[in-house]
Every structure is written in structure tokens, then in C-alpha cells.
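What follows is one structure encoded as C-alpha cells, with my remarks underneath.
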Amino acid sequence: MKKTYDVIVIGGGPAGYPAAIRAAQHGLSAACIDDWQNYDGSRSFGGTCLNAGCIPSKAMLESSELVHRAHDEFAAHGINVGKVEVDLAQMQKRKAGIVRQLTGGIEMLLKANKVDGLQGHGRLLPDNEVEYTDPEGKAHKLKARDVIIATGSTPIELPSVPFDGERIVDSWGSLEFTEVPAKLGVIGAGVIGLELGSVWRRLGAEVTVLEALDSFLPMADKAVAREAQKQFKKQGLDIRLGAKVSAAEVGDTGLTLSYTDAQGEQSLEVDRVIVCVGRRPYTEGLCGEGVALAMDKRGFIEVDEHCRTALDRVWAVGDCVRGPMLAHKATEEGVMVADLIAGEVAEVNYDVIPSVIYTAPEIAWVGRTEQQLADSGVEFKVGQVPFGPNGRAKAMEQAAGFVRILADKASDEILGVHIIGPMAGELIAEAVLAMEYQASAEDLQRTVHAHPTLAEVLHEAALATDGKAIHALNK
Ligand code: FAD
Ligand code: AMP
């Protein structure tokens, strides 16, 4: 007998599980099929985000940042801790515990919402039938009125530096290191490369980041990218731009990376290398015979702005479709689709999706950069205020960086907010909300901010767009 659902979601990451839960909240019968497998063969919901991405990386970033503070900042507070020793096994255990609690929480939420959480592989067949293969290899035929594909993404492999799981690893592999490599190479200075490079640098590795592009963080506002490069250099991250890696030779004790830069052929000896050159959509084994799901040339499933594919009542959300590969973007799409299936009006505001890099200082932005505004001929004003004179930042001993607000010169609407500094990832939420409501700089100026808080810098930056900052010089 074929089991029938209103909605079947294929993929249980941050795009898939919220879609299934929201569908169930609408009173629809829903199943969420997820094929995630951990290194030890165990299974857990939550996809890349919870098992191998956002969550374990942030756990390690937090721990390693504490090591850095204990080492370099505690003395300034008058706290002498002597020699700081790292117990990496305990650090990894804590991280694994957080992952276990959160993935277990998803399983519980699926159950509580009466979603059938099915661990195993899902394959889309014609007429919205889905073949579900359970962990024992037994295939089951299911059918749904609507199918949501949320199969996510996987790391891109460099053919010249193939993963071996030992010396050449992807981001997940690097989160599982059981010892701190003395010399670590990172290929790619994107968000993931910088975060993971920071983790291992703070834990004592000598880290060299090789980046093919000549510019640093080209997607960020130029002023922020410049400040970030300066801060990372101070922390001892050796970031080499214009360095295109072409080969790796693995030896008994380490490996040699070959790369070309403006000076010609170069090489770098490291113990291990993390390849962080981006991710690609994952759709392997997804479509059964007779299912012609349109994909673009990079392998993303083609969808419209409401995540509809060309197939009737088949939707696709998250990393396997166009747009930024971010967990919160994935979730918003999954929830939007479930709402649309239930007959509600729903959309995702793609213009106001925040980006965060969890380095120290943190980097966060929303909206357009100065480069983008200049390229599109928009006239804008700038309010930039440093964290330096902010009382809370000083108390935290974290006063590097600034907030930069770009607002339309004529209408005063906020067009972009760029932050580098303490808790930037938290502070950006206010900017996102302001922009969601199309706030003007004056709206932020007139909003009361508690004192002393880091958010006061955002307030001052809004004032600075009109030359009215009180605690900073208006330029
Ligand atoms: P995924 O999380 O990849 O989930 C897809 C799921 O579908 C997986 O469990 C997969 O096994 C399953 N699946 C695939 N095919 C099938 C099939 N045929 N049948 C059944 N199941 C299937 N984003 C942020 O927003 N903030 C961060 O701080 C952040 N940090 C990151 C750090 C790292 C190291 C990495 C690698 C990524 C990070 N990301 C971050 C990105 C974030 O993890 C992804 O954007 C997010 O996980 C995408 O969600 P998704 O549900 O589309 O895909
Ligand atoms: P992201 O796409 O943000 O995860 O970043 C990946 C980064 O890796 C990009 O900045 C790419 O330019 C960089 N990259 C890709 N291939 C190479 C290579 N062969 N050598 C060095 N850097 C690379």
C-alpha cells in the first residue's frame, strides 16, 4: 500500500524541517525524509547546518575565542590565569554535545508536530510519487500532493587537491581535528575559510590562507573588507591574495601545495589543508526515471521567486536553489513554500537577507554595499562611527571596528548597513528590521537606544549620516 501525504519534504536541513513543521501547523499531513549520516554512521536531522556547518563551527569559534581572550586579554582585566592550556578533546566533546542536543531537538519537534521524520533516501518519481529507502535498504512507495525538495549542498572539491579525509579535508573534516596542526593551509578566503582559519589560528596553528582572487572579501563593503584584512593580519592569519592553488603533493608527514601568484610558481609546506572553495547544490540520486527537473548550468534547481520548479506541485528551497547559501535564507524559503501550499500569501524579501562572518571582530551586513550603490548610480550619504568611544565596547575590551550606514541622499531610506566589531551578528538584527520596514536614517536617529550598549554605535552611525553624531566627529 502506498502511503499518501499532503506534503513530502526531501531533505531535513534548515530548509526542509521547518517546511515540514509549518505544513503540519497548517493541518497538513507531512513527512520529512533525510539522508544525513555522521562519520560514525549514525543519523541525525538538521542537515549541514546543525551537523557540520553553522552550529559546530560556531561552537569551536566560541571556544577558541575564549582561549584567545584568556591568553591575550584577561591580563588587561586584571585576571591572571597563568599558562592557558587547551584540552581539545573536551572542546570537541562540548561541540558534539551541542550538536547532539540540537539535532535531537529537531527530531522531537518533528514528532511533536506529527510530522513523519523518515531517515533514509528520498527519490522523486513521476506524478509526485516518492521512493523512500530506509536505512536497512528497503524501498517504500509514498505519494504526496506537494513535494518540497530541500537537498542542500556539498563542498566543492578541487580536482588538483582531492579530499583524502586525512591531510586534505573539507570544512566538516576540519571541525573534527583531534590535534592542532602546527602548520595549516586554508584554500579559499571566503566566509568558511576565514572562520575555520580563525579557529585553528587561535588554538595555536600557523595558518596560511591562499585565495585566488586579488581582492579580499569582494562581497563585503570595501571599508569593512579593508578593516577586516588589517585585523586578521594582526591576529597572525597569513592571507595571500592572488594565489591560485594548482596541486598538492602528499608526503608522509605533511603536504606541499603548489600555487601561482603575481611572482610566479610558489609552494607551501603544511601539515594539513582545509579546502574551502565554495559549495555546490546537491541533487545526486534525487530524480528517478522520467523526472525532468530543470537545473541551471551550475546544477541549481531552477525555481521562480516563490520556489516553484517547472514541475507541477514540486517546489525546491534552500542551498539547492539560487541565492545565498545561508541557513536563514533556506528556512525562510521552506516556511514560505509551506504557507503557499496552505493557500496563504507569502514571500521572502531577498533584498534584506543579512550576512554574518563569525570571526573576531565579527562582520555583518545587510542591503547594498557602497560599490553596488555607486555602480547603480544611486546617490547616497554615509554615516560611519567607530566602536572605539563606545562604553560597552570598552568594558568588553572589544572596541575595534565600526558601523557604517548608507542611506539614500534624497529619501533618507536606509539602503545598507555594514558592521565590523563586537557582536556584529547580533547588532545587524536591528538594521534588518529597520530595512524590512523601509526605515529612514531619521527613524533610527529617533529610536531610543539603551546606554551603555553596543547598539548605540548603530544609533550614532544613523545620526552621522546627517552630520549629527554626538560621540564621534562628523566628517
Ligand atoms: P542542508 O543543510 O545541506 O540539508 C540538506 C539535507 O538533505 C541533508 O541532511 C542531506 O543529507 C539531505 N539530503 C540530500 N539529498 C537527499 C535525498 N535524496 N533524500 C533524503 N535526504 C537528502 N549558514 C548560515 O546561515 N550561518 C552560518 O553561520 C553558517 N555557517 C556554516 C559553516 C560551515 C562550515 C558550512 C559548511 C556551512 C555554513 N552555513 C552557514 C551554510 C548553511 O549550513 C547552509 O546554508 C544550510 O545548511 C542550507 O540548508 P539546506 O536545508 O538547504 O541544506
Ligand atoms: P566562498 O565561495 O565564499 O565559500 O569562497 C571560496 C573562495 O575560494 C573564493 O573566494 C574563491 O576565489 C576561492 N578559490 C576557488 N578556487 C581556488 C583555488 N584553486 N586557489 C585558491 N583559492 C580558490
Side-chain angles (χ1 to χ4, degrees), residues 8-19 32-37 43-58 60-61 103 118-124 130-133 149-156 158-161 170-175 185-196 199 209-219 240-247 257 259-261 274-287 316-321 323-331 333-334 353-358 425:
I8 293 178
V9 185
I10 305 179
Y17 77 77
C32 180
I33 307 174
D34 186 60
D35 207 11
W36 186 270
Q37 271 191 67
R43 289 174 176 271
S44 44
F45 286 97
T48 305
C49 170
L50 272 78
N51 292 291
C54 319
I55 300 306
S57 64
K58 266 80 255 179
M60 292 301 280
L61 277 155
T103 55
L118 306 174
Q119 283 172 323
H121 188 81
R123 199 156 67 103
L124 181 64
V130 173
E131 183 184 74
Y132 159 58
T133 307
I149 299 167
T151 49
S153 63
T154 189
I156 293 176
L158 278 180
S160 52
V161 192
D170 63 11
S171 52
W172 190 16
S174 80
L175 285 164
V186 176
I187 307 179
V191 176
I192 296 175
L194 289 171
E195 289 185 355
L196 296 174
V199 166
V209 184
L210 301 173
E211 166 55 54
L213 298 177
D214 292 322
S215 56
F216 183 62
L217 285 181
M219 65 290 200
R240 302 185 189 173
L241 299 177
K244 192 167 171 25
V245 179
S246 52
L257 294 170
Y259 66 95
T260 39
D261 64 10
I274 318 174
V275 182
C276 304
V277 296
R279 299 178 61 83
R280 62 178 172 82
Y282 183 78
T283 52
E284 269 129 69
L286 171 67
C287 294
V317 293
D319 276 11
C320 64
V321 304
M325 286 183 160
L326 292 170
H328 42 284
K329 173 264 193 187
T331 297
E333 287 183 336
I353 295 179
S355 297
V356 182
I357 311 180
Y358 296 81

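Order of listing sets the numbers, starting from 1, for every ligand and every atom in it. The residues of the chain are indexed from 1 along the displayed sequence. Atoms considered below: every heavy atom in the structure, side chains included; atoms not considered: hydrogens, waters and symmetry mates.
The closest protein non-hydrogen atom to atom 51 (O) of ligand 1 is Ala15 N, 2.9 Å. Of the protein's non-hydrogen atoms, Asp319 N, 2.9 Å is the one closest to atom 52 (O) of ligand 1. The single protein non-hydrogen atom nearest to atom 18 (N) of ligand 1 is Gly122 O, 2.9 Å, given as residue, atom name and distance. Protein heavy atom in closest approach to atom 3 (O) of ligand 1: Thr48 OG1, 2.6 Å. Distance from atom 25 (O) of ligand 1 to its nearest protein heavy atom, with residue and atom name: Ala327 N, 2.8 Å. What sits closest to atom 7 (O) of ligand 1 on the protein, heavy atoms only, is Gly11 CA, 3.3 Å. If you check which protein heavy atom lies closest to atom 14 (C) of ligand 1, you get Thr151 O, 3.3 Å. Nearest protein neighbour of atom 40 (C) of ligand 1, counting heavy atoms only, is Cys54 SG, 3.1 Å.
For the pair Lys244 (side chain) and Tyr259 (backbone), a donor-acceptor distance under 3.5 Å is absent. In terms of modelled atom types and a separation under 3.5 Å, the side chain of Tyr132 and the main chain of Arg123 share no donor-acceptor contact. With hydrogens and angles ignored, the 3.5 Å screen pairs no side-chain donor or acceptor of Thr151 with any backbone N or O of Thr283.
Some N or O of His328 is nearer than 3.5 Å to an N or O of ligand 1, by distance alone. For ligand 1, one of its N or O atoms has an N or O atom of Asp35 under 3.5 Å away. Taking distance alone, with nitrogen or oxygen atoms compared against 3.5 Å, Leu286 stays at or beyond that limit from ligand 1. Backbone and side-chain nitrogen or oxygen atoms of Tyr358 are examined, and none is located within less than 3.5 angstrom of a nitrogen or oxygen of ligand 1. Ligand 1 has no N or O atom lying under 3.5 Å from any N or O atom of Arg279, backbone or side chain. Of the N or O atoms in Glu284, none lie within a sub-3.5 Å distance of an N or O in ligand 1. Here's the thing with Ser171: none of its N/O atoms is less than 3.5 angstrom from an N/O atom of ligand 1. Of the polar atoms of Gly53, none of the N or O atoms is found under 3.5 Å from an N or O of ligand 1, judged by distance alone.
In terms of heavy-atom proximity, Val130 sits nearest to Gly122 at CG1-CA, 4.4 Å. Closest approach of Pro56 and Leu50 over heavy atoms only: CD-O, 3.4 Å. Across every non-hydrogen atom of Glu195 and Tyr358, the tightest pair is OE2-N, 2.8 Å.
For the pair Asp35 and Arg43, the salt-bridge criterion is met [side-chain N within less than 4.0 Å of a carboxylate O].
Using a 4.0 Å heavy-atom cutoff, Pro324 is absent from the residues neighbouring ligand 1.
Within ligand 1, counting atoms from 1 as listed, the ones closer than 4.0 Å to a heavy atom of Cys49 are 2 (O), 43 (O), 47 (O).
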Identify the protein atoms, limited to N or O, that lie within less than 3.5 Å of an N or O atom of ligand 2, and list each pair with its distance to 0.1 Å.
{"from": "ligand 2", "atom 1": "10 (O)", "to": "Glu211", "atom 2": "OE1", "distance (Å)": "2.8"}
{"from": "ligand 2", "atom 1": "10 (O)", "to": "Glu211", "atom 2": "OE2", "distance (Å)": "3.1"}
{"from": "ligand 2", "atom 1": "12 (O)", "to": "Glu211", "atom 2": "OE2", "distance (Å)": "2.6"}
{"from": "ligand 2", "atom 1": "19 (N)", "to": "Val245", "atom 2": "O", "distance (Å)": "3.3"}
{"from": "ligand 2", "atom 1": "20 (N)", "to": "Val245", "atom 2": "N", "distance (Å)": "3.1"}
{"from": "ligand 2", "atom 1": "22 (N)", "to": "Ala212", "atom 2": "N", "distance (Å)": "3.1"}

